[in-house]
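Naming convention: chains lettered A, B, ... in sequence-line order (proteins, then strands); numbering from 1 in each chain.
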Amino acid sequence: MDIPDPGTWPSTVAEAEAVQDRLRPLVVREGELPAPLRTVAGLDVSYGPDDRLAAAVVVLDADTLAPVDRATRVGRAAFGYVPGLFAFRELPALLGALADLRTTPDVLLCDGYGLAHPRRFGLACHLGVLTGLPTIGIAKTPFVGRYEEPGRRRGDWAPLTDGGEVVGRVLRTRDGVRPVYVSVGHRLGLDAACALALRLTPAYRLPETTRRADRLSRDVLAGV
DNA sequence: GCGACAG
DNA sequence: ATCTTGTCGC
């Protein structure tokens with residue numbers, strides 16, 4: 001798919017935060033799922049020694065969840081790990097992988113947060129603004145915000161709030177398993193984001209998109 | 001000031 | 001993220 005040239009990447013914390021502040025106003029915090037929804041893409045990155053990394057994108061048929069496209073990119077981490085600036089670490093490689101895709105996915109599912117971020121501009125928002133595509137963030141552990149424990153059944157959820165505003169949702173994707181943390185990335189509202197998260201978790205806690213991308217990035221890093 | 005802190 | 005054995009359960 002076509003990916004616009006992001007230009008140069010920041011090298012300091014101050015520069016990176018300035019980039020987030022500059023792009024944040026471009027985030028569209030609402031929207032319905034595209035109809036018909038044809039394809040969904042999952043993105044993930046695996047790390048190896050010496051800052052080596054492998055980014056992977058897997059595109060699935062939204063109905064059958066069968067893989068229809070994939071792309072990978074190996075490289076080095078472009079930024080140190082700083083909570084809140086996580087996106088700068090993986091974005092270059094993820095964009096590179098996306099550029100190699102034959103198709104343009106209808107929605108991008110990111111590993112991490114969107115609006116549930118100290119400056120309301122997590123990886124999912126960043127990726128959404130740069131690609132122009134609808135995105136959502138699904139994280140495995142809490143980062144910002146407070147919440148009550150949701151019910152234990154699949155579909156149960158509780159609002160994730162921070163600074164007096166709802167920034168996401170703690171969602172139980174399977175009965176009796178730890179919940180995931182869903183937040184809006186770009187062009188999709190929270191209801192749509194959670195509906196998609198449930199649709200992609202027919203068997204496991206994490207979305208099929210994320211699981212496929214995770215395994216692919218791992219395999220690539222291992223040289224498979 | 002101190003601890004916590006997506007992956 | 002990654003480093004790692006065994007173990008409980010379907």
Student: Regarding Gly48(A), tell me which of base, sugar-phosphate or nothing describes its non-hydrogen contacts under 4.0 Å with the strands shown.
Tutor: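 No contact.
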Student: Is Leu53(A) touching bases, backbone alone, or none of the nucleic acid, heavy atoms closer than 4.0 Å?
Tutor: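 If one applies the 4.0 Å heavy-atom cut-off, Leu53(A) turns out to touch nothing in the nucleic acid.
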Student: Could you check how far OH of Tyr181(A) sits from P of dA6(B), rounded to whole Å?
Tutor: 11 Å
Student: Do Trp9(A) and Ile3(A) sit in one hydrophobic cluster, given that two such residues count as connected whenever their side-chain heavy atoms are within less than 4.5 Å of each other, even indirectly?
Tutor: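 Yes, because Trp9(A) and Ile3(A) connect within a single hydrophobic cluster, where side-chain heavy atoms sit under 4.5 Å apart.
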Student: Answer with base, sugar-phosphate or nothing: what part of the nucleic acid does Pro142(A) contact at a heavy-atom distance below 4.0 Å?
Tutor: sugar-phosphate
Student: I'd like to check, for Phe143(A), whether its ring lies over the base of dA6(B) with centroids under 5.5 Å apart and a plane angle smaller than 30°.
Tutor: yes
Student: Heavy atoms under 4.0 Å, any strand shown: does Arg52(A) hit a base, just sugar-phosphate, or nothing?
Tutor: nothing
Student: Can you tell me the distance, in whole Å, between the CG atom of Leu123(A) and the P atom of dA6(B)?
Tutor: 13 Å
Student: Expressed in angstrom and rounded to an integer, what is the separation of Asp214(A) atom CG from dT2(C) atom P?
Tutor: 7 Å
Student: Please classify the nucleic acid contact of Leu43(A) as base, sugar-phosphate, or nothing, using heavy-atom distances under 4.0 Å.
Tutor: nothing
Student: Quick one: is dA6(B) close enough that its OP1 or OP2 comes under 4.0 Å of any side-chain N or O from Arg89(A)?
Tutor: no
Student: Using whole Å, report how far CD of Glu17(A) lies from P of dC5(B).
Tutor: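 Those two atoms, CD and P, are 19 Å apart.
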Student: Would you name the heavy atoms of Ala62(A) and Leu65(A) that are closest together and state the gap between them?
Tutor: O-CD2, 3.9 Å
Student: For the pair made of CG in Leu160(A) and P in dA6(B), what is the distance, rounded to whole Å?
Tutor: 13 Å
Student: Can you confirm if the aromatic rings of Phe88(A) and His126(A) lie within a centre distance of less than 6.0 Å?
Tutor: yes
Student: Starting at CG of Asp44(A) and ending at P of dT2(C), how long is that distance when rounded to a whole Å?
Tutor: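 Roughly 8 Å, once rounded to whole Å.
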Student: Let me know the distance between NE2 of His117(A) and C1' of dG7(B), rounded to the nearest Å.
Tutor: 12 Å
Student: Whole Å only: how far is the NZ atom of Lys140(A) from the C1' atom of dT2(C)?
Tutor: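 Rounded to the whole Å, the gap is 13 Å.
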Student: With a centroid cutoff of 5.5 Å and a plane-angle limit of 30°, would you call Tyr81(A) stacked on dA1(C)?
Tutor: no
Student: Has Arg154(A) got more than 12 heavy atoms of other residues, nucleotides or ligands less than 6.0 Å from its CZ?
Tutor: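 Correct, the count exceeds 12.
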Student: How long is the straight-line distance from OG1 of Thr39(A) back to CG of Leu101(A), given to the nearest 0.5 Å?
Tutor: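 It comes to 8.5 Å.
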Student: Check this one for me: any side-chain N or O of Thr141(A) less than 4.0 Å away from OP1 or OP2 of dC5(B)?
Tutor: no
